[in-house]
Undergrad: 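Dropping a structure here in structure tokens format, bear with me for questions.
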Amino acid sequence: MADKFYITTPLYYVNASPHIGHSYTNIAADSLARHMRKNIGGGNVWFLTGTDEHGQKIQKAADEKKLTPQEFADRTVSQFKLLWKELNISYDDFIRTSEERHVKTVQKVLEILYEKNDIYQDKYEGWYCTPCETFWVESQVADQLCPDCKRKLEKISEINYFFKLSKYQDWLIKYIQVHPEFVRPQNRYNEVLSFLTSNKLNDLCISRPKERLSWGIPLPFSSGHVCYVWFDALINYISAVGYFDEKNHYISEWWPADLHLIGKDILRQHAVYWPIMLAALGIDLPKTIFAHGWWLIGENKMSKSRGNVVNPIDMVNQFGIDTYRYFLLRDVPFGLDGNFSEEAIIKRFNSDLANDLGNLVYRTLTMVEKYYQGAVPQQGKLDEAGKKIGEIIKALPAEAAASMKELGFSLALEKIWDLISLANKYIEQKKPWNLAKENKVDELKAFIRLLVDVIAAVAGEIAPFMPDTAASIKAQLGEKEIRKGKPLFPRIDNLRTDS
RNA sequence: CGCGGGGUGGAGCAGUCUGGUAGCUCGACAGGCUCAUAACCUGUAGGUCACGCGUUCAAAUCGCGUCCCCGCAACCA
């Protein structure tokens, strides 16, 4: 039974400011966390996010700004925290890989695996790509260029430590085969499985010599090395919510994670390295790793070099928090890539938020004011169409929950909007202004009350996605008397094309 | 023989696995209504489902082939 829900986002690398992609992951995670809190109780949900702060790139970036790596990281961390506040991200914990609790756990993990001989020392001779921080074996390299980035590789020879990924490859394949829910969506699952079955895993080099990199977690068994960032970073998921006891058993009230939410670019680390690390430690695996898609800017990939990176704060300032959250979760099915543009946001804003939702709330409350001086009437006898809407209201939470279970944010919102649209149609059908003229008192009362019930239900269901809007609607509905406010989403006038 | 995604009314997409009236949102046009944010409701137009061949009683959907588009340096969700 789902009596607890532990959800994580990736730890964001602090070498640059947050962008739309970071915000996408956290908004999705936040909506899910809020949804689950509603369903299983706030105390049963744990939502973790944080930052990944070690490694060469951070050290380099810090050097350029004449800061220590820690000072540099602190600056970016405050940007992330500010953004999460702006976006109403309700995380329960924020972990930084530079924190003591994390460092200690990583070192413990290293010790355990070293004692177990799953980490071994070897002389590494081969090719190293400094910008990528990646090792390559002879067979992968052509023309002394990095297979990934095509830049020149360095030939190096040094003592390093390796984690025995290869030992667990067959085990992992079997595990994934019998756990179809381990990686989602389906295409990513297929991708991982085919990668595992068609390649032989190399052991993972998990150390970096200190002379090359000092900004990292020191290996407990070698004073000359620090830990490779990915190996360090993944451990956050357990270092944040538990500890190892004297017998090296991992103790946690939250682990295993129910969901690791990630972007599609970091699937391999999460679906291959991480489960093997856990298996080697004798720790349960997370239930599901879900890799979502990317936002393309117009038709292009977002990239710093193209200079088309979208700043989430700008979007929030321009369109509002809830509009931004709604757009990201509604416009594209979770898992697929999407096209981001201001035009697309405006379109969604005007049609879904202003015309459908905002207008329904506004027109309904106006009728409550006009016909009942602001007092919401009692429920009454409904016609067939009205009864049907009543049933849909009752069924909506379960409908939305079913979609959310599959991380179908877009679908869940569609279902909510189906009700909104139905209500708008029903108004047209009942013509309340005629009921009022014809003095059909009971029918009008029951009708208006149904509309209010629709709005209340909608407010309840959109709360995980648009917390402020939901709160505003609830406030406007009031206790006994409504307190109508200004339109929730005043239309954005397209004619205004100033610069 | 590189890998992957895709080509469905003006735009964006669903449908393809499990063949059988081609659906949704936006846009356009017309009408209705007035409680409402020029909103809402109804209706209309618009598609040889990239192309060819094949399987089948029947193909957007299955098979084979062809063409075209996008991504595949780093940063990074």
Side-chain angles (χ1 to χ4, degrees), chain A residues 9-13 15-29 49 52 57 61 129 131-134 145-151 186-187 190-191 194-195 261-267 290-296 299-306 309 312 328 330-334 336-339 341 343-344 346-371 410-411 414 417-418 420-421 423-436 444 447-448 451 484 486-493 495:
Chain A
T9 73
L11 290 199
Y12 303 111
Y13 205 47
N15 67 332
S17 303
H19 56 64
I20 175 180
H22 301 111
S23 71
Y24 184 43
T25 313
N26 271 39
I27 286 169
T49 189
D52 177 10
K57 290 191 196 85
C129 178
C132 296
E133 296 182 59
T134 306
L145 295 178
C146 172
D148 257 358
C149 72
K150 311 292 183 224
R151 281 181 289 206
Q186 189 68 42
N187 58 336
N190 297 342
E191 213 173 285
S194 95
F195 168 75
L261 207 55
I262 62 170
K264 65 178 182 179
D265 51 319
I266 50 175
L267 181 59
F290 192 107
H292 67 240
W294 276 350
W295 282 100
L296 309 176
E299 302 289 310
N300 297 310
K301 213 172 143 175
M302 179 176 61
S303 69
K304 283 166 196 161
S305 58
R306 277 192 176 125
V309 174
L328 292 181
R330 173 63 187 84
D331 210 51
V332 172
F334 205 59
L336 303 182
D337 290 354
N339 292 98
S341 69
E343 292 72 38
I346 291 172
K347 226 166 159 181
R348 280 286 169 204
F349 179 92
N350 280 339
S351 69
D352 296 3
L353 299 180
N355 296 352
D356 293 344
L357 173 60
N359 188 46
L360 175 66
V361 171
Y362 196 74
R363 71 197 298 203
T364 299
L365 294 186
T366 300
M367 286 189 265
V368 175
E369 277 182 344
K370 189 159 181 165
Y371 300 134
S410 175
L411 197 57
E414 259 180 69
W417 255 254
D418 282 346
I420 292 170
S421 158
N424 274 325
K425 286 182 177 63
Y426 191 54
I427 294 174
E428 235 42 58
Q429 188 191 324
K430 291 297 281 186
K431 303 194 190 339
W433 48 94
N434 284 347
L435 296 180
L444 184 61
F447 166 79
I448 299 287
L451 290 184
K484 190 175 97 167
K486 292 199 169 121
L488 288 168
F489 300 100
R491 276 182 67 90
I492 296 171
D493 191 354
L495 299 174

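Naming: A, B, ... by sequence-line order, numbering from 1 per chain. For the numbers below, each heavy atom of this structure counts, side chains included, while hydrogens, waters and symmetry mates do not.
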Undergrad: Just the rounded figure in Å: distance from P of B/C26 to CZ of A/F349.
TA: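 After rounding, the gap between these two atoms is 16 Å.
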
Undergrad: For atom C1', what is the distance between B/A77 and B/G10, given to the nearest Å?
TA: 33 Å

Undergrad: Compare every heavy atom of A/F349 with every heavy atom of A/R491, then report the nearest pair and how far apart it is.
TA: CA-CE2, 4.1 Å

Undergrad: Heavy atoms, side chains only, cut-off 4.5 Å: are A/I262 and A/L267 in contact?
TA: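 Of all side-chain heavy-atom pairs linking A/L267 with A/I262, at least one is under 4.5 Å.
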
Undergrad: Rounding to an integer number of Å, can you tell me how far A/K347 NZ sits from B/G12 C1'?
TA: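 In whole Å, B/G12 C1' lies 6 Å from A/K347 NZ.
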
Undergrad: Which atom pair, heavy atoms only, marks the closest approach of A/S410 to A/P333?
TA: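 A/S410 and A/P333 have their closest heavy atoms at CB-CA, 4.1 Å.
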
Undergrad: Have a look at A/L365 and say if it touches a base, only the backbone sugar-phosphate, or nothing, with a 4.0 Å heavy-atom cut-off.
TA: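 Nothing: the residue A/L365, judged by heavy atoms under 4.0 Å, touches no strand.
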
Undergrad: When you check the phosphate oxygens OP1 and OP2 of B/C75, does a side-chain N or O of A/N15 lie under 4.0 Å from one of them?
TA: no

Undergrad: Is any side-chain N or O of A/N350 closer than 4.0 Å to OP1 or OP2 of B/U37?
TA: no

Undergrad: Rounded to the nearest Å, what distance is computed from the CG atom of residue A/L296 to the C1' atom of nucleotide B/C72?
TA: 13 Å

Undergrad: Considering Watson-Crick and G-U wobble pairs with both distances under 3.5 Å, what does B/A30 pair with?
TA: B/U42

Undergrad: Please report, rounded to the nearest Å, how far the C1' atom of B/A39 is from the CG atom of A/L360.
TA: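 From A/L360 CG to B/A39 C1': 12 Å.
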
Undergrad: B/G27 and B/C17: how far apart are their C1' atoms, nearest whole angstrom?
TA: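 The same atom, C1', in both gives a distance of 33 Å.
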
Undergrad: How about A/F489 and A/Y362: are their ring centroids closer than 6.0 Å?
TA: no

Undergrad: Taking the side chain of A/S351 as heavy atoms from C-beta outward, which of B/C26, B/A77, B/C76 is closest to it?
TA: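 When the side chain of A/S351 is considered, B/C26 is the closest of B/C26, B/A77, B/C76.
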
Undergrad: Take atom CG of A/D337 and atom P of B/G71, then tell me their distance rounded to the nearest Å.
TA: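 My rounded result for the distance is 12 Å.
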
Undergrad: Taking a pair as Watson-Crick or G-U wobble with both distances under 3.5 Å, which nucleotide is matched to B/G23?
TA: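 Its partner is B/C13.
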
Undergrad: To the nearest Å, how far apart are A/N26 CG and B/A77 C1'?
TA: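 Nearest whole value for this atom pair: 9 Å.
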
Undergrad: Which heavy-atom pair separates A/V332 from A/D337 by the least distance, and what is that distance?
TA: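 Smallest interatomic distance, heavy atoms only, reads CG1-O, 3.5 Å.
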
Undergrad: Could you check which of B/U37, B/C76, B/A77 has an atom nearest any side-chain atom of A/R491?
TA: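 Shortest atom-to-atom distance from the side chain points to B/U37.
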
Undergrad: Generate the contact string for nucleotides 28-35 of chain B. Rules: B means base contact, S means sugar-phosphate contact only, - means no protein heavy atom under 4.0 Å.
TA: ----BSSB

Undergrad: For the side chain of A/H19, counting heavy atoms from C-beta on, which of B/U37, B/C76, B/C26 is nearest?
TA: B/C76

Undergrad: Please measure how far the P atom in B/G12 lies from the corresponding atom in B/U21, and state the result in whole Å.
TA: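 Between the two P atoms, the distance is 27 Å.
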
Undergrad: Reckon A/H22 has a side-chain N or O less than 4.0 Å from the OP1 or OP2 of B/A77?
TA: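 Yes, A/H22 has a side-chain N/O under 4.0 Å of OP1/OP2 on B/A77.
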
Undergrad: Please work out whether the ring planes of A/F334 and A/H292 are parallel, tilted or perpendicular, with thresholds of 30° and 60°.
TA: tilted

Undergrad: Touch check for A/Y12, heavy atoms < 4.0 angstrom, all strands: base, sugar-phosphate only, or nothing?
TA: sugar-phosphate

Undergrad: Using Watson-Crick or G-U wobble geometry with both distances below 3.5 Å, tell me the partner of B/G65, or none.
TA: B/C51

Undergrad: Does the side chain of A/L451 come within less than 4.5 Å of A/R363's, by heavy atoms?
TA: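 No, too far: nothing below the 4.5 Å cut-off.
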
Undergrad: For A/G263 and A/K484, take the nucleotide of RNA chain B holding the closest heavy atom to each; which residue's nucleotide lies nearer the 5' end?
TA: A/K484

Undergrad: Looking at B/G2, which nucleotide sits across from it as a Watson-Crick or G-U wobble partner, both distances under 3.5 angstrom, or is there none?
TA: B/C72

Undergrad: Students often get this wrong, so: under 4.0 angstrom with heavy atoms, is A/D356 touching a base, only sugar-phosphate, or nothing?
TA: sugar-phosphate

Undergrad: Please measure how far the P atom in B/G6 lies from the corresponding atom in B/C1, and state the result in whole Å.
TA: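 Going atom to atom, P in each nucleotide, I get 25 Å.
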
Undergrad: Rounded to the nearest Å, what distance is computed from the CD1 atom of residue A/I20 to the P atom of nucleotide B/C76?
TA: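 Rounded to whole Å, this separation is 17 Å.
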
Undergrad: Pairing check on B/C35: which nucleotide meets the Watson-Crick or G-U wobble criteria with it, both distances under 3.5 Å?
TA: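 Its partner is none (no Watson-Crick or G-U wobble pair with both distances under 3.5 Å).
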
Undergrad: Could you measure between the two P atoms, the one in B/C29 and the one in B/G63, and give it in whole Å?
TA: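 Looking at atom P only, B/C29 and B/G63 are 43 Å apart.
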
Undergrad: Counting C-beta onward and ignoring hydrogens, is there a side-chain heavy-atom pair between A/I427 and A/P432 closer than 4.5 Å?
TA: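 Yes - at least one pair of side-chain heavy atoms lies under 4.5 Å apart.
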
Undergrad: Where is the tightest heavy-atom contact between A/I492 and A/N350, given as atom of each residue plus distance?
TA: N-OD1, 2.8 Å

Undergrad: Answer yes or no: side-chain N or O of A/N355 and base N or O of B/A39 forming a donor-acceptor pair under 3.5 Å.
TA: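 For A/N355, whose side chain was compared with the base of B/A39, there is no donor-acceptor pair (under 3.5 Å).
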
Undergrad: Using whole Å, what does the distance between atom C1' of nucleotide B/G23 and atom CG of A/D418 come to?
TA: 14 Å

Undergrad: At their closest point, which heavy atom of A/V368 faces which heavy atom of A/I448, and how far apart are they?
TA: CG2-CG2, 3.6 Å

Undergrad: Please measure how far the P atom in B/A11 lies from the corresponding atom in B/C49, and state the result in whole Å.
TA: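 Nearest-Å result for B/A11 against B/C49 at atom P: 16 Å.
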
Undergrad: Using atom P of each nucleotide, how far apart are B/U16 and B/A60 to the nearest Å?
TA: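 Pairwise P distance, B/U16 against B/A60, rounds to 14 Å.
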
Undergrad: Using the P atom on both, measure B/A50 against B/A22 and round to a whole Å.
TA: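 So the two P atoms sit 15 Å from each other.
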
